[in-house]
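Notes follow once the structure below has been shown.
When a ligand or atom number is given, it counts from 1 through the structure's own listing order. Computed from a predicted model, the values in this text were never measured in an experiment.
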Amino acid sequence: MNTDFSAWAVARQSRFEEVLRDVLPQPEIAPQRLHQAMRYAVLDGGKRVRPLLAFAAGELAAAEVERVNIVAAAVELIHAYSLVHDDMPCMDDDVLRRGKPTCHVQYDEATALLVGDSLQSLAFQLLVEHRLSDGPQQQLAMIKLLAVASGSRGMAGGQAIDLDSVGKSLSLPELEFMHIHKTGALIRAAVLLGAQCGHVSAEQLAKLDHYGKCVGLAFQVVDDVLDAEADTATLGKTAGKDEDNDKPTYVSLLGVVAAREMVKNLHAEALDSLVDFGDAGQRLRELADFIVLRKF
Ligand code: GRG
């Protein structure tokens, strides 16, 4: 635990890029255009927050790095699929993502749809092709965890509520429910899957689950604030979309000051969940700091 956070994160991000390059279908393999578009959507961009959370939780649980590489890749592939589909004209209809044209703009809509579908399938293929845990029951439970987190009772369900909420005003609990699913579920899954590659007690897992829930929601509240306050060049995606699309957000509901206060409280609650881990929880603490202080 001697290196500083930024050196720790950069080392894992660069190792992880190689993992992604390996697990994605090579661009010269047929169907080339689909495989090239999958690589376009996943590689060379993104903060890789979810993989970093999986790595930090895996290190806390003394997990084998090869196992964590796979769960981190599966989570990031699901995340990338969700961004590709979210950007399509039938959803958010955006032209810029990670500082470059969105997948359907660079390729075409049908290809973008298939990119999302194929990234999702590949995520689950990885989870069944590699050993992630000492026993098959635990591995099945991990696969189910990611399936639930990304499906209609997780991310996709949250997205359905999001699409339905345009032009409506939601209560704070309704908004929280939407975001805990749309954004929080996958972030929480990243923490839990990283930890489950190693060894943690049920009590420790419950604490990590609470940490994941808090940072997942904080991530979204920060996203709402950045959408209102930051510029397109800094974000690498179109700023001000929430207001333009008349979407309920923490900023529209509470205002920026109260939204920032909420982030502060979630941050404190996340750190509180890590108290019993002592030094072993340091990277997760630093990631909570990064998530609430991020500028893009
Ligand atoms: C299409 C099923 C389906 C779901 C889409 C995640 C999502 C659900 C939509 C993305 C819309 C959005 C901007 C949500 C806010 C939070 C969020 C997930 C931001 C993007 O994640 P980052 O900031 O992106 O981690 P990078 O590019 O850094 O990986």
Side-chain angles (χ1 to χ4, degrees), residues 9 13 16-17 20 40-54 72-73 75-104 109 112-117 119-120 123 146-166 175 178-190 215-228 230 232 234-245 247-251 259 263 287 290-296:
Q13 281 160 334
F16 186 60
E17 289 310 303
L20 288 175
Y40 176 84
V42 176
L43 299 174
D44 306 320
K47 295 178 287 297
R48 311 299 191 205
V49 166
R50 294 153 194 81
L52 288 175
L53 285 165
V75 169
E76 187 66 13
L77 294 177
I78 298 276
H79 171 58
Y81 122 67
S82 80
L83 298 180
V84 170
H85 280 188
D86 181 66
D87 288 333
M88 289 180 68
C90 60
M91 294 207 193
D92 219 24
D93 194 8
D94 216 328
V95 294
L96 191 68
R97 171 71 65 184
R98 295 176 165 176
K100 53 188 192 180
T102 47
C103 191
H104 68 277
E109 272 184 54
L113 191 66
L114 293 171
V115 162
D117 295 342
L119 292 176
Q120 175 161 219
L146 186 61
V148 173
S150 45
S152 65
R153 286 183 294 150
M155 180 185 75
Q159 177 77 346
I161 302 171
D162 183 303
L163 293 170
D164 199 43
S165 72
V166 172
L175 191 65
M178 172 170 96
H179 287 317
I180 279 180
H181 288 78
K182 184 180 99 162
T183 313
L186 201 57
I187 289 181
R188 201 167 168 181
V215 294
L217 188 55
F219 187 95
Q220 179 61 53
V221 189
V222 170
D223 214 73
D224 289 355
V225 172
L226 291 175
D227 184 77
T232 298
T234 310
L235 293 180
K237 61 180 181 179
T238 315
K241 287 278 291 192
D242 294 336
E243 195 178 351
D244 291 351
N245 291 344
K247 274 195 181 180
T249 66
Y250 285 96
V251 172
V263 171
L287 277 163
F290 173 77
I291 284 169
V292 305
L293 295 173
R294 72 194 174 98
K295 300 277 179 266
F296 62 96

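- Interface atoms of ligand 1 facing K182, defined by a heavy-atom separation under 4.0 Å, are 8 (C), 14 (C).
- In this structure a side-chain-to-backbone donor-acceptor pair under 3.5 Å is present from R48 to G45.
- R97 and D86 are joined by a salt bridge, as a carboxylate oxygen and a charged side-chain nitrogen come within less than 4.0 angstrom of each other.
- Nearest to atom 13 (C) of ligand 1 among the protein's heavy atoms is K237 NZ, 3.5 Å.
- Counting the atoms of ligand 1 from 1 in the order shown, those under 4.0 Å from a heavy atom of G46 are 26 (P), 27 (O), 28 (O), 29 (O).
- The minimum heavy-atom distance between R98 and G46, with the atom names listed, is NE-CA, 3.4 Å.
- Looking at K247 and D92, a side-chain N of the basic residue comes within less than 4.0 Å of a carboxylate O on the acidic one, giving a salt bridge.
- Between R97 and ligand 1, no N or O atom pair is found at a separation short of 3.5 Å.
- Atom-to-atom distance recorded for R50:CZ and H79:NE2 is 3.5 Å, nearest 0.5 angstrom.
- Annotation: side chain of M88 is not in contact with side chain of D93 (no heavy-atom distance under 4.5 Å).
- Backbone and side-chain nitrogen or oxygen atoms of R50 are examined, and one is located within less than 3.5 angstrom of a nitrogen or oxygen of ligand 1.
- At a threshold of 4.5 Å between non-hydrogen side-chain atoms, the residues T183 and D223 do not count as touching.
- Residue contacts with ligand 1, taken as heavy atom pairs separated by less than 4.0 Å, involve Q159 solely via side-chain atoms from C-beta onward.
- For atom 10 (C) of ligand 1, the closest non-hydrogen atom on the protein side is D86 OD2, 3.5 Å.
- Of all heavy-atom pairs spanning Y250 and D224, the tightest one is N-OD2, 2.9 Å.
- If you check which protein heavy atom lies closest to atom 23 (O) of ligand 1, you get K47 NZ, 2.5 Å.
- Distance from atom 24 (O) of ligand 1 to its nearest protein heavy atom, with residue and atom name: H79 NE2, 3.5 Å.
- Of the protein's non-hydrogen atoms, R98 NE, 2.8 Å is the one closest to atom 27 (O) of ligand 1.
- Taking the six-membered ring where tryptophan is involved, the planes of F290 and F296 are perpendicular, since the angle between them exceeds 60° and thus also 30°.
- By the criterion of a heavy-atom distance under 4.0 Å, the side chain of Q220, and not its backbone, is placed next to ligand 1.
- The shortest contact between atom 2 (C) of ligand 1 and any protein heavy atom is with Y81 OH, 3.5 Å.
- Those atoms of ligand 1 that come under 4.0 Å of a heavy atom in H85, given as number and element, are 1 (C).
- In this structure, T183 has a heavy atom closer than 4.0 Å to ligand 1.
- The single protein non-hydrogen atom nearest to atom 17 (C) of ligand 1 is F219 CE2, 3.9 Å, given as residue, atom name and distance.
- Among all non-hydrogen protein atoms, the one lying nearest atom 7 (C) of ligand 1 is S82 OG, 4.0 Å.
- Contact record, G116 with H85: CA-NE2, 3.4 Å, taken as the closest heavy-atom pair.
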